[in-house]
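For reference, the structure discussed in these notes is given below.
Numbering of ligands and ligand atoms starts at 1, following listing order.
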Amino acid sequence: MAKRKTVADIIKMKQAGEKITMLTAYDAAMAAMLYDADVDVLLVGDSLGMVVLGYDSTVPVTMDEMIHHASAVRRGSASAFVVGDMPFGSYQSGVRDAIVNGTRFLKEAGCDAVKLEGGLEVCETVEALIRAGISVIGHIGLTPQTATQLGGYKVQGRDVESARKIIEEARALEKAGVFALVLECIPDELGKIVSEEIAIPTIGIGAGVHCDGQVLVTHDLLGMFDKFIPSFVKTYCTLAPSIKDAVLEYNSEVRNGSYPDKEHSFRGESNLRELLGL
Ligand code: KIV
């Protein structure tokens, strides 16, 4: 088994000019496949709520749901670097709650770090988490938990004033101690500037090619979630239609009696009825 990556290993990747790959995972089976495919970081994102649990947004996701799924990812992914996403309400109510919930990700789910959304308003929380021994990834630009305050799921930082705010937030979060920073839905030129302005790695999602790494929702890149596909998503394969075709074939074989055939059945005594005296 490969040695588990550390925060220092991830920071070093930026220094060495190596791009970081991050993908979401919510269960042990997918985590094992992503780990086998050499993904650098597995994120148990609160996108769990929309992709797996059927909520309309990430807001309803609870800490217990996150711990349940993060534990499964840990069990399935051997020595992967696993990050737990702090759900809405788990850190906004104060530093103490943030530490209690961040600690749960490490102790109960075996995560290596946590991620939380927000700019200047979360810097004090980030500092407190780090003092408590919890490594933190920041997340700015489009922050889905507060998307309604940002006018919906929209590209952020398009004008000079909002671009400057994002650069200031990135600098402040780096100073507060985050070891990496997710940049979501910002113009690629701004992604480049932020990546040059801070020493820690930037992980882009809809933030252009100049970020130090990229993250996507795995179900999006595999074509398994078609409710809403953001324009920055590249669908590398389309599993949803293949799954539907396979299930239609199963239905029809069960209904016409051709499944299970001999090859997929167990054989015991050939004269069982006789032996049982029936
Ligand atoms: O919840 C999530 O999946 C995320 C990533 C898309 C960055 O926060």
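More than 12 heavy atoms of other residues, nucleotides or ligands sit less than 6.0 Å from atom CZ of Arg4.
Residues Met63 and Pro87 are in side-chain contact: their nearest non-hydrogen atoms beyond the backbone lie under 4.5 Å apart.
Val51 is not connected to Phe88 by any chain of hydrophobic side-chain contacts under 4.5 Å among Ile, Leu, Val, Met, Phe, Trp and Tyr, and they are in different clusters.
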Per-pair distances, ligand 1 N/O vs protein N/O, less than 3.5 Å:
from: ligand 1; atom 1: 1 (O); to: Asp46; atom 2: N; distance (Å): 3.1
from: ligand 1; atom 1: 1 (O); to: Asp46; atom 2: OD1; distance (Å): 2.9
from: ligand 1; atom 1: 1 (O); to: Ser47; atom 2: N; distance (Å): 3.0
from: ligand 1; atom 1: 1 (O); to: Ser47; atom 2: OG; distance (Å): 3.3
from: ligand 1; atom 1: 1 (O); to: Asp85; atom 2: OD2; distance (Å): 3.2
from: ligand 1; atom 1: 3 (O); to: Ser47; atom 2: OG; distance (Å): 2.5
from: ligand 1; atom 1: 8 (O); to: Lys115; atom 2: NZ; distance (Å): 3.0

Taking distance alone, no hydrogens or angles, what donor-acceptor pairs closer than 3.5 Å link side-chain atoms of residues 173-185 to residues at least two apart or in another chain?
from: Glu174; atom 1: OE2; to: Ala199; atom 2: N; distance (Å): 2.7
from: Glu174; atom 1: OE2; to: Ile200; atom 2: N; distance (Å): 3.4
from: Glu184; atom 1: OE1; to: His139; atom 2: NE2; distance (Å): 2.9

Do any side-chain atoms of residues 266-278 form donor-acceptor pairs under 3.5 angstrom with protein atoms, and if so which ones, sequence neighbours left out?
from: Arg267; atom 1: NH2; to: Lys262; atom 2: O; distance (Å): 2.6
from: Arg267; atom 1: NH2; to: Ser265; atom 2: O; distance (Å): 3.4

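Qualifying ring-ring contact (aromatic ring centres under 6.0 Å, His included) partners for Tyr26, counting only residues two or more places apart in sequence or in other chains: His219.
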